[in-house]
Structure formats: C-alpha cells, structure tokens
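All remarks here apply to the structure that follows.
Note that the structure is a prediction, hence the values are computed from the model and not measured.
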Amino acid sequence: MPHVVAMGGDVAAFTGGAAEFDVAAGTVRSMLRELEARFPGLGDYVGRRMAIAIDGEIFQDADGAELGDGSEVCLIPKIGGG
C-alpha cells in the first residue's frame with residue numbers, strides 16, 4: 001500500500017491529527033477520492049492546496065501519476081508568490 005505523509009498545511013484538521021496513513025490506491029486521482037471518502041474535505045483540500053511528491057519526485061500535475069505498492073507520497077503545501 002502507498003504510504004502518505006503530510007508535511008504541513010491543515011491536513012491534521014481533517015484527519016484528527018494523523019500526519020501519516022496508508023491508502024489503497026493505484027493512482028493519485030484514486031488516492032484523492034479515497035482521502036475524500038475517509039476524511040471529508042481532505043481530497044479537495046489536497047487537490048487545491050498541496051503539491052504531491054511520489055518517491056521523492058515532485059509532480060506538477062500528479063492526477064494520473066501511478067502509485068506503487070510501497071510508494072511514499074508526500075503532501076507539501078504549495079508555495080504562493082507572484
């Protein structure tokens with residue numbers, strides 16, 4: 001199972017304080033659906049406010065990215081600027 005690690009942001013507000021958890025997902029898109037089902041509002045929050053790194057590689061558009069059985073998925077707050 002892929003392992004998710006939240007690295008800041010307001011993720012803990014959705015998860016009751018948990019910063020790490022496993023998901024049964026094969027793609028980032030399915031992971032976001034699972035997060036939304038398990039922690040209402042989290043999938044949408046991650047999709048809009050977090051960058052996603054899979055096994056150390058940050059993805060600009062991660063929706064279709066595949067997750068391996070032992071993948072580590074890091075949720076990182078997006079940096080704003082302008």
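Applying the ring pair (Phe, Tyr, Trp, His ring centres under 6.0 Å) definition to pairs two or more places apart or across chains, those involving residues 24-58 are Phe14-Tyr45, Phe21-Phe39. Sorted by first then second residue, the salt bridge (Lys or Arg N to Asp or Glu O under 4.0 Å) pairs that include residues 44-54, not counting sequence neighbours, are Asp44-Arg48.
Under the 4.5 Å side-chain criterion, counting only non-hydrogen atoms from C-beta, Val5 is not in contact with Leu75.
One distance of note links CG of Leu32 with CE of Met50; it measures 11.0 Å at 0.5 Å rounding.
Under the salt bridge (charged side-chain N to carboxylate O under 4.0 Å, His left out) criterion, Glu36 pairs with no residue, sequence neighbours left out. In this structure, the salt bridge (charged side-chain N to carboxylate O under 4.0 Å, His left out) partners of Arg38, at least two apart in sequence or on a different chain, are Glu34.
For the side-chain contact (heavy atoms from CB on, under 4.5 Å) with Val4, the qualifying choice from Thr15, Val11, Asp22, Val23 is Val23, the only one to do so.
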- Let me see the working for Ile76 and Ile52 under side chain to side chain contact (heavy atoms under 4.5 Å, CB included), right down to the final yes or no. CA-CA 6 Å; Ile76 308 162; Ile52 297 175; over 6 Å; no
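Residues Gly9 and Pro77 share a closest heavy-atom pair of N-CG, 3.5 Å.
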Which donor-acceptor pairs under 3.5 Å do side chains of residues 57-72 form with protein atoms, sequence neighbours excluded?
residue, atom, partner, partner atom, Å
Asp69, OD1, Met1, N, 2.5
Ser71, OG, Asp55, OD2, 3.3
Ser71, OG, Gly68, N, 2.7
Ser71, OG, Gly68, O, 3.4

